Amino acid sequence: MTPFDSDLRRGLMDANLAQYERLLKTANSAEMDFSPSYLRERTRLLADPWGWVKRRERPGPRRMNWRLIAIAAALLLLSACAVAVVTGQFSQWFPTIWMDPKAPEVSEEIVSRMGTVIGEPQTVDGASVILNAAVWDGQELRLSLTAEVPDLPEDFSSEAPFYDLECRLRLAEDQREAYLRKEIARSHANSHIDLTEEELEELVQSHLEYPDDPDFHSVVRAARQEDGTLILQVMAALFDYVEDPELTLHIENLATYKVEEGDDGIFTSSQAPDGTVTTDHEINDPFLKGPFDFTFTLDKKLSPISYEGDIDATYENIPLRVSKITVMAFQVCANVDLLALLDPTGEDPDKLHISLEQNLAMSLNGLWTEDGEYVECIGGTAFSVEQDGKTDGEMRGNPVHVIDPAQVTAVCIGGKRVELSELTRLDE
């Protein structure tokens with residue numbers, strides 16, 4: 001993944017979560033509200049049916065029908081996602097996923113098709129964390145965790161930015177090379193840099209020397225806070241390069257930054273090879289010191305659908321051509337070429353300058369589904385100027401509720417309706 005791809009994805013995720021936080025909180029109030037004890041007990045049941053049955057078997061000389069219990073355990077594990085749909089469990093685990101208020105059960109069903117129920121609990125130094133589930137659309141991974149922290153400071157705010165530099169997501173060692181090869185090939189195909197096969201191989205081997213590669217750029221955020229219980233969400237860029245990816249989520253020294261009046265909202269930290277951490281803001285004591293390590297396998301995803309074509313997306317005086325549109329459950333993106341020299345600063349009168357208002361207006365504004373519904377999208381366009389002066393970019397729009405990519409028939413780019421049936425669908 002190129003720095004442009006990574007920064008764009010991370011920036012859009014952070015910006016959307018921050019800008020629409022109030023909207024998300026309002027939407028959450030309409031969801032089914034299960035008690036924390038009920039949710040914990042259901043998670044334990046789904047995670048370990050055998051152990052759950054044993055713990056609840058009445059004492060005394062009673063013979064257990066292990067054959068029936070084994071069947072029940074298998075059925076529970078196989079139907080875990082189906083149970084989650086019926087109870088609205090995924091919307092509880094992932095309160096920041098935008099559900100359709102007019103048809104929440106439809107949104108729940110869509111999320112369940114890309115959801116892997118995990119239910120793995122761990123306790124370290126009195127803090128208990130459960131990795132509830134994963135939701136994966138083939139490009140973006142979301143993880144839900146429930147953390148019970150007994151000594152959470154009274155002034156703790158889940159709205160404060162998190163220091164998560166020591167939290168990371170790792171791919172199984174036997175899957176790393178296959179993933180890196182596809183990722184490097186994709187990123188360099190988009191970089192307009194010609195490399196020989198020998199140079200690509202050298203690049204792959206150099207990346208394999210670093211255990212944290214591939215870097216999934218994971219971001220940890222609080223989705224909900226109830227007394228000493230936190231619902232945490234981890235977001236990461238994960239492409240479907242390998243079958244059934246096996247991942248390990250490492251949580252350590254998760255903390256909040258100290259926010260002072262007048263802060264610009266940008267908090268950065270870095271870690272040297274020797275482990276030394278430098279940061280531009282003071283960090284509070286960790287509320288989850290850990291370490292916690294959760295290993296799991298993703299067995300479900302709702303794959304993206306991509307379309308290729310040559311689309312005139314000219315907006316006002318901005319000449320644009322769109323070559324590819326990809327529809328995902330949480331976002332729609334389009335590869336775009338700008339057919340003019342761009343000056344982002346607006347200081348060069350001989351080059352094109354695009355204002356913020358134009359950027360938003362010319363981007364992916366919405367989509368249509370098979371039933372005729374129009375779903376608004378929120379996003380913008382980011383451009384990258386190459387050394388040869390060529391300017392390309394990516395439009396990204398986040399639908400106001402989760403969608404089924406197979407149900408999308410058209411998208412709105414800069415106010416123009418683009419029929420996907422008139423493009424070539426790609427098999428990816």
Side-chain angles (χ1 to χ4, degrees), residues 1-20 24 90-91 93-99 107 110-116 118 131-145 164 167-171 175 179 182-183 186-187 190 214-221 223 232-247 249 296-306 324-335 364 367 375 377-380 382 394-406 408 411 428:
M1 177 174 289
T2 64
F4 166 72
D5 291 329
S6 305
D7 294 342
L8 173 64
R9 180 180 290 270
R10 184 163 185 161
L12 285 174
M13 288 194 293
D14 286 351
N16 279 326
L17 285 174
Q19 185 173 358
Y20 297 98
L24 293 171
F90 278 101
S91 60
W93 283 333
F94 296 92
T96 59
I97 290 181
W98 298 350
M99 300 292 189
S107 295
I110 292 173
V111 174
S112 73
R113 280 191 277 140
M114 53 179 165
T116 299
I118 301 171
L131 178 56
N132 300 313
V135 170
W136 185 34
D137 68 358
Q139 290 197 12
E140 180 180 294
L141 173 67
R142 300 182 185 211
L143 301 173
S144 167
L145 301 99
D164 57 4
C167 304
R168 63 186 63 89
L169 200 61
R170 284 196 176 106
L171 191 64
Q175 295 178 328
Y179 191 98
K182 292 184 178 181
E183 173 60 22
R186 184 193 68 85
S187 61
N190 297 333
D215 185 352
F216 299 113
H217 306 278
S218 57
V219 180
V220 184
R221 293 290 181 268
L232 302 174
Q233 180 171 293
V234 180
M235 300 178 71
L238 176 68
F239 287 82
D240 55 350
Y241 294 147
V242 295
E243 192 76 18
D244 297 335
E246 180 184 318
L247 298 159
L249 173 66
F296 57 96
T297 299
L298 298 175
D299 54 17
K300 298 179 74 174
K301 69 174 183 290
L302 191 56
S303 296
I305 301 177
S306 295
K324 183 179 178 181
I325 295 174
T326 301
V327 183
M328 293 162 278
F330 299 120
Q331 61 185 331
V332 183
C333 65
N335 294 358
L364 280 158
L367 58 88
V375 181
C377 292
I378 302 163
E394 192 171 44
M395 295 180 177
R396 287 188 179 266
N398 294 74
V400 294
H401 62 73
V402 63
I403 59 168
D404 180 351
V408 177
V411 297
E428 297 189 342

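Residues take their numbers from the sequence shown, with the count starting at 1. Keep in mind that what you see is a predicted model, and the values were worked out from it rather than measured.
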What residues form a side chain to side chain contact (heavy atoms under 4.5 Å, CB included) with Cys377, not counting sequence neighbours?
Leu367, Pro399
Smallest separation among heavy atoms of Pro304 and Gly138, with atom names:
CD-CA, 4.0 Å
State, to 0.1 Å, how close Trp93 and Ala133 come at their nearest heavy-atom pair, and which atoms those are.
CE3-CB, 3.5 Å
Testing the basics here: between Ala134 and Leu298, what is the closest heavy-atom pair and its distance to 0.1 Å?
CB-CD2, 3.5 Å
Here the gap from Leu145 atom CG to Leu143 atom CG, rounded to the nearest 0.5 Å, amounts to 6.5 Å
Does the side chain of Val411 reach to within under 4.5 Å of the side chain of Ile325, using non-hydrogen atoms?
yes
Validate the cation-pi geometry between Arg186 and Phe239: distance from NZ or CZ to the six-membered ring centre under 6.0 Å, angle to the ring axis within 45°.
yes
Drop me the distance from Arg170's CZ to Asp215's CG, to the nearest 0.5 angstrom.
10.5 Å
Qualifying residue for side-chain contact (heavy atoms from CB on, under 4.5 Å) with Val135, from Val111, Thr116, Leu141
Val111
Under the side chain to side chain contact (heavy atoms under 4.5 Å, CB included) test, residues paired with Ala329 that sit two or more places apart:
Met114, Asp137, Leu302, Val402
Mind checking whether Gln331 and Glu140 have side chains closer than 4.5 Å, heavy atoms only?
yes
Taking the side chain as every heavy atom from C-beta outward, state whether Leu247 and Leu238 have any atom pair closer than 4.5 Å.
yes
So, the side chain of Lys300 versus the backbone of Ser112: is there a donor-acceptor pair under 3.5 Å, distance only?
yes
Sub-3.5 Å donor-acceptor pair from the side chain of Glu394 to the main-chain atoms of Cys333, do we have one?
no
Correct closest heavy-atom pair for Pro405 and Met328 would be CG-C, 3.8 Å
Sequence neighbours excluded, which residues qualify as side-chain hydrogen bond (donor to acceptor under 3.5 Å, both in side chains) partners of Arg168?
none
side-chain hydrogen bond (donor to acceptor under 3.5 Å, both in side chains) with Asp244: which residues, sequence neighbours excluded?
none
Output all residues satisfying ring-ring contact (aromatic ring centres under 6.0 Å, His included) with Tyr179, sequence neighbours left out; order by chain, then residue number.
Phe216, Tyr241
One should read off an interatomic distance between Arg113 CZ and Phe90 CZ, to the nearest 0.5 angstrom, of 12.0 Å
For Ser107, give me all partners under side-chain hydrogen bond (donor to acceptor under 3.5 Å, both in side chains), at least two apart in sequence or on another chain.
none
Between Phe330 and Ile97, is a side chain to side chain contact (heavy atoms under 4.5 Å, CB included) present by the stated rule, with each step listed?
CA-CA 8 Å; Phe330 299 120; Ile97 290 181; 3.9 Å; yes
Working to the nearest 0.5 angstrom, can you tell me the gap between Ile403 CD1 and Trp98 CH2?
12.5 Å
Is the shortest heavy-atom distance from the side chain of Glu246 to the side chain of Gln175 under 4.5 Å?
yes
Could you tell me the separation between the CD atom of Gln139 and the OG atom of Ser303, rounded to the nearest 0.5 Å?
10.0 Å
Any side-chain heavy-atom pair from Arg221 and Asp164 closer than 4.5 angstrom?
yes
What is the distance from atom CD of Gln233 to atom CZ of Arg142, rounded to the nearest 0.5 Å?
5.5 Å
